[in-house]
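For clarity, every value in this text was computed on a predicted model and none was experimentally measured. By convention in this document, chain letters (A, B, ...) are assigned in the order of the sequence lines, proteins followed by strands, and residues within each chain are numbered from 1.
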Amino acid sequence: MYALVDAVAFYASAEKVFDPAIRSKPVVVLTNNDGCICAVCPIARKLAIPKFQPYFQVKKILEDNQVVIRSSNYELYADLSERMMNVIGRFCDNQHIYSIDESFLNFTGFKKLIHDWHRYGHDIRRTVWRETKLPVGVGFGPTATLAKAANHAAKKLPGFDGVAVIDSEASRVAILKAMDVQDVWGVGRRLAKKLKVMNINTAFDLAEQDPRKMKRLFSIVLERTVNELRGKSCLAWDEVRQDKKEIFSTRSFGERITDATALKTALINHCVIVARKLRAQGSHTQRLLMFVASSPHQDGYYKKSYIYEFSVATADSCVFANAISEVFDHLYKPGVRFYKCGVGALELSSQMFQQPDLFQTPIDNPKLMKCLDSINSRYGVGTLAIASETPTTRWHMKRAYLSPHYTTRWHNLPKIHC
DNA sequence: TCTGGGGTCCTAGGACCC
DNA sequence: TCTGGGGTCCTAGGACCC
């Protein structure tokens with residue numbers, strides 16, 4: 001049995017934790033740079049406020065409905081996420097954190113025999129609320145995809161109070177029949193459109209298809225999904241939590257930038273993040289992609305990328321930074337108003353199997369990186385940084401509606417007025 | 001006069017997720 | 001005046017080689 005536990009409109013709920021005054025109000029949270037709406041609380045959802053709509057396009061609707069607006073406060077969300085995951089993790093010793101607000105629990109071989117999954121689910125919900133003031137939904141199912149489907153039912157279908165269980169053929173059929181095919185994990189807008197032309201409208205319709213036929217018509221990904229919906233586990237536990245095959249760090253700027261130094265510093269910051277994530281999963285790369293771009297929404301769209309090939313696979317921040325300095329002139333173009341840039345490591349391989357170069361002295365310094373990582377993990381990321389990371393010019397993120405970092409900065413501690 | 005295979009690698013863009 | 005997220009994986013199609 002699997003469970004999927006996730007928070008209801010996590011970012012919006014997180015904003016309400018330390019600000020009870022807005023708990024009964026409609027709240028939305030914006031993406032980086034206040035670009036789009038990325039979280040809509042249940043109260044705001046009733047006002048039909050669309051997710052992932054550019055903010056400036058719905059400004060009027062938000063004002064008219066007196067919706068509370070918040071900029072993304074990742075420092076707060078990351079901290080609350082960690083607390084929430086710790087509480088959830090107490091309910092199963094095999095937990096896989098899938099995203100900032102979702103975690104799968106695998107009860108295969110669980111030490112405790114659970115007779116009543118409903119009750120167990122409500123236990124989780126109650127405990128998470130009591131200890132973190134975050135509302136969660138819980139779904140149980142014999143495969144990860146069915147647990148996801150149950151979780152969807154728990155939160156969206158009437159008659160479920162935040163917990164849904166698929167533990168019989170009857171419950172599987174009932175929940176899948178009530179679920180639009182587009183809400184299935186792995187089926188997006190485009191795929192749903194094609195499926196609906198074939199008269200496959202609900203999750204149940206999809207589950208009734210021949211998996212091999214779906215593979216032939218669409219992809220191996222959909223074949224797996226169909227099998228999972230039929231109760232056959234295809235996303236093996238260790239596959240759900242497989243190492244990443246590529247790792248990116250990209251970001252748009254709060255304001256357009258034209259300055260070469262600022263752009264270069266931004267790229268170096270991204271490559272440092274990528275390098276850190278690579279080391280964290282024990283991977284390294286021989287190919288590093290770097291790109292810069294102007295706004296695709298405006299005329300004269302400029303986009304340039306470069307793939308740097310190292311002679312030996314590495315995850316060394318300094319080596320990455322040097323690579324960027326080396327090829328930066330190929331990317332930068334004076335006069336362009338840069339909107340976005342990023343760095344990605346492609347074709348990752350395991351650090352356990354490094355193939356050194358016979359004729360060259362090593363280009364990287366794993367000991368130095370290990371030292372850097374342990375200092376930063378102890379005293380916080382950024383405590384120790386490479387010199388070229390430090391911004392000489394400010395490029396800030398636009399966050400006009402930022403809430404305080406209640407839990408991570410002393411001067412942001414919530415104050416209680418008596 | 002016209003036609004013709006098979007494999008690998010690369011890349012941009014598509015699709016999906018949160 | 002101007003504004004449009006971030007991350008990962010897959011695949012079709014082009015280029016090139018023999």
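A:Gln53 has its CD atom 10 Å from the C1' atom of C:dG4, to the nearest Å. Counting to the nearest Å, the P atom of B:dC10 and the CG atom of A:Leu289 are 13 Å from each other. Regarding A:Leu30, its CG atom lies at a distance of 11 Å from the C1' atom of C:dG5, rounded to whole Å. When the C1' atom of C:dC10 is taken as reference, atom CG of A:Leu222 falls 13 Å away, rounded to whole Å. Between A:Asp299 atom CG and C:dC2 atom C1' the separation is 14 Å, expressed in whole Å. Atom NZ in A:Lys59 sits roughly 14 Å away from atom P in C:dC2 (whole-Å rounding). Between A:Gln286 atom CD and B:dC9 atom C1' there is a gap of 15 Å when expressed in whole angstrom units. Separating the CZ atom of A:Phe10 from the C1' atom of C:dG6 is a distance of 16 Å, rounded to the nearest angstrom.
Nearest-nucleotide assignment on DNA chain C puts the 5′-proximal partner with A:Ser252, out of A:Ser252 and A:Phe218. Closest-nucleotide positions on DNA chain C for A:Ser219 and A:Tyr74 were compared, and the one nearer the 5' end corresponds to A:Tyr74.
Counting non-hydrogen atoms under 4.0 angstrom, A:Ser72 reaches nothing in the nucleic acid. If you check every strand for non-hydrogen atoms under 4.0 Å, A:Ser249 touches sugar and phosphate atoms only.
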Which letter, B, S or -, goes with each nucleotide of nucleotides 11-18 of chain B from 5' to 3', with contact meaning a protein heavy atom under 4.0 Å?
S---SSSB
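Aromatic ring centroids of A:Trp185 and A:Tyr2 lie 6.0 Å or more apart. Ring centers of A:Phe291 and A:Tyr306: at least 6.0 Å apart, outside the cut-off. The aromatic ring centroids of A:Tyr302 and A:Tyr332 lie 6.0 Å or more from each other.
Of the candidate nucleotides C:dG4, C:dG6, C:dC9, C:dG4 has the atom nearest to the side chain of A:Phe56. You'll find that the side chain of A:Phe248 is closest to C:dG7, out of C:dC10, C:dG7, C:dG6. Listed nucleotides C:dG4, C:dG6, C:dT8 differ in distance to A:Ile247; the shortest reach to its side chain belongs to C:dT8.
Listed pair A:Asn32 / C:dG6 meets the phosphate criterion, a side-chain N or O lying under 4.0 Å from OP1 or OP2. For C:dG6, one of the phosphate oxygens OP1 or OP2 lies less than 4.0 angstrom from a side-chain nitrogen or oxygen of A:Arg251.
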Test log, rule side chain to side chain contact (heavy atoms under 4.5 Å, CB included), inputs A:Ile37 and A:Val29:
CA-CA 6 Å; A:Ile37 291 180; A:Val29 179; over 6 Å; no
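In terms of heavy atoms, A:Gly188 sits closest to A:Gln182 at O-CG, 3.4 Å.
Summarising the base pairing, C:dC9 is matched to B:dG14 through a Watson-Crick or G-U wobble pair whose two defining distances lie under 3.5 Å.
The separation of C:dC18 from B:dG4, taken at their C1' atoms, amounts to 15 Å, rounded to a whole angstrom.
The aromatic rings of A:Trp117 and A:Phe107 sit perpendicular, their planes meeting at an angle over 60°, well past the 30° parallel limit. Ring geometry, A:Tyr11 versus A:Tyr77: the interplanar angle falls under 30°, so the pair is classed parallel (tilted spans 30 to 60°). Classified by interplanar angle (parallel below 30°, tilted 30° to 60°, perpendicular above 60°), the ring pair A:Tyr120/A:Phe140 is tilted.
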